[in-house]
Amino acid sequence: MSSSKKVITKEEWEKKLSEVKIRKEDMNRLVMNFLVTEGYVEAAEKFQHESGTQHIDLGTITDRMAVRKAVQCGQVEDAIDKVNDLNPEILDTNPQLFFHLQQQRLIELIRAGKVEEALEFAQEELAPRGEENHAFLEELERTVALLAFDDASTCPVKEVKELLDNAQRQKTASELNAAILTSQSHEKDPKLPSLLKMLIWAQNQLDEKASYPRINDLVNATLEEPVT
């Protein structure tokens, strides 16, 4: 017979939490990391001034957000020009990223109904890369399948039609954003979401050993009474 789990009261848990010390500098760096990675330039500038955290060239955030916005608006050529102005090595050393940007250009041509231009672009810019990489070829074939319909938005194949969703633009923009961050020696993903995932994982592990106050409301960090 298995023994019942130990119950830790809210008061006991709060006392244990109060004994854990976190340096203010670490908290400030965590917040700044999130603001920089996600591109909140005005908030980052204000927080940097108020907290006295290590100086960061916030102009790079503005440039990066301009690139990201261009992709999100379907202006892929403009985004490529902006990236090359920032650092031409980003695309030169990342063939997969460059292919996805070119693929997005093709999608935008199809979205605009420019069928002949889309076919020509696919043949001249994307087909040669597809011949060298099977994964690229599959992506190209999936994209070109949109041209089989007079109105691409009526395509019945979900995996093909979803290329026209804004989520596809966001996916490409995020991949490009991560590459720029890496080139600037920043983490490509903010640390805060990872820490929250670790918190949830740790709580689930503790559930196997004891009943204790959980934080189910992550926004307010509210401790709830343990379930007995």
Side-chain angles (χ1 to χ4, degrees), residues 34 36-41 59-184 186-190 193-194:
F34 179 81
V36 169
T37 305
E38 293 300 302
Y40 298 108
V41 60
T60 60
I61 303 178
T62 302
D63 295 336
R64 179 164 50 84
M65 288 301 99
V67 173
R68 186 170 188 168
K69 183 178 180 181
V71 177
Q72 291 170 333
C73 293
Q75 301 166 356
V76 185
E77 289 180 84
D78 183 38
I80 292 175
D81 289 340
K82 291 180 184 299
V83 172
N84 286 330
D85 287 340
L86 284 175
N87 183 353
E89 291 186 1
I90 293 175
L91 299 183
D92 289 344
T93 59
N94 195 330
Q96 178 171 291
L97 172 60
F98 185 66
F99 175 83
H100 287 157
L101 286 169
Q102 296 292 67
Q103 179 189 19
Q104 192 64 45
R105 284 183 64 184
L106 176 59
I107 292 170
E108 300 304 337
L109 289 172
I110 296 173
R111 190 197 305 273
K114 300 178 180 180
V115 178
E116 292 186 5
E117 189 175 344
L119 282 171
E120 183 179 352
F121 182 78
Q123 292 171 354
E124 294 183 359
E125 300 294 336
L126 294 174
R129 299 179 185 277
E131 293 175 358
E132 300 172 358
N133 187 304
H134 182 69
F136 292 172
L137 181 60
E138 290 183 347
E139 287 296 310
L140 175 57
E141 291 175 345
R142 183 163 69 105
T143 307
V144 172
L146 287 168
L147 292 170
F149 303 89
D150 293 334
D151 182 355
S153 64
T154 64
C155 174
V157 183
K158 179 182 177 182
E159 292 76 8
V160 175
K161 183 179 179 180
E162 66 186 8
L163 292 172
L164 296 175
D165 294 341
N166 281 331
Q168 175 66 25
R169 286 179 173 177
Q170 295 288 353
K171 179 181 177 181
T172 306
S174 295
E175 183 180 359
L176 180 54
N177 182 64
I180 297 173
L181 282 167
T182 300
S183 74
Q184 296 172 345
H186 293 304
E187 293 88 353
K188 64 179 182 179
D189 298 306
S194 296

>> Working note: R129 + L137, criterion side-chain contact (heavy atoms from CB on, under 4.5 Å); need CA distance, chi angles, decisive distance, verdict.
In response: CA-CA 8 Å; R129 299 179 185 277; L137 181 60; over 6 Å; no

> When you look at M65 and N177, which way does the side-chain contact (heavy atoms from CB on, under 4.5 Å) test go after all the steps?
Replying inline: CA-CA 8 Å; M65 288 301 99; N177 182 64; 3.6 Å; yes

>> Walk me through whether L97 and I90 qualify under side-chain contact (heavy atoms from CB on, under 4.5 Å).
In response: CA-CA 9 Å; L97 172 60; I90 293 175; 4.2 Å; yes

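- E162 meets the salt bridge (Lys or Arg N to Asp or Glu O under 4.0 Å) test with R142; sequence neighbours excluded.
- Remark: side-chain polar atoms of R68 are not paired, donor with acceptor, to backbone N or O of S174 under 3.5 angstrom.
- With hydrogens and angles disregarded, a donor-acceptor distance shorter than 3.5 Å links the side chain of K161 to the backbone of S153.
- The shortest side-chain heavy-atom distance between R105 and I80 falls under the 4.5 Å cut-off.
- At a threshold of 4.5 Å between non-hydrogen side-chain atoms, the residues R64 and V36 count as touching.
- The two residues L140 and F99 come nearest to each other via the heavy atoms N-CZ, 4.3 Å.
- A 4.5 Å side-chain heavy-atom check between I110 and V115 finds every atom pair outside the cut-off.
- The distance from atom CG of L181 to atom CD of E38, rounded to the nearest 0.5 Å, is 9.0 Å.
- A donor and an acceptor atom, one from each side chain of H100 and Q104, are nowhere located under 3.5 Å apart.
- Here NZ of K82 is found 10.0 Å from NZ of K69. Values are rounded to the nearest 0.5 Å.
- Exactly one residue among N94, T172, V83 makes a side chain to side chain contact (heavy atoms under 4.5 Å, CB included) with L101. That residue is T172.
- Rounding to the nearest 0.5 Å places CG of L146 at 5.0 Å from CG of L164.
- D165 places no side-chain N or O within donor-acceptor distance of the main-chain N or O of Q168, the cut-off being under 3.5 Å.
- Rounded to the nearest 0.5 Å, atoms CG (D81) and CD (Q75) are 11.5 Å apart.
- Contact of the Q96 side chain with the F136 side chain is registered, since non-hydrogen atoms from C-beta on lie closer than 4.5 Å.
- Inter-residue side-chain proximity for E124 and E120 is flagged as met; some heavy-atom pair is nearer than 4.5 Å.
- Taking both residues in full, the closest heavy atoms of D78 and A70 are given as OD2-CB, 4.0 Å, listed atom of the first, atom of the second, then distance.
- Partners of R169 under the salt bridge (Lys or Arg N to Asp or Glu O under 4.0 Å) rule, at least two apart in sequence or in another chain, are E108.
- Dense packing is recorded around CG of D92, with more than 12 heavy atoms of other residues, nucleotides or ligands lying under 6.0 Å away.
- Between the CD atom of E139 and the CG atom of L106 there is a distance of 11.5 Å, given to the nearest 0.5 Å.
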>> Please determine whether side-chain contact (heavy atoms from CB on, under 4.5 Å) holds for the pair F121 and E117, giving the CA-CA distance in whole Å, both sets of side-chain angles, and the decisive distance to 0.1 Å.
In response: CA-CA 6 Å; F121 182 78; E117 189 175 344; 5.5 Å; no

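- Rounding to the nearest 0.5 Å places OG1 of T143 at 4.0 Å from CD of Q103.
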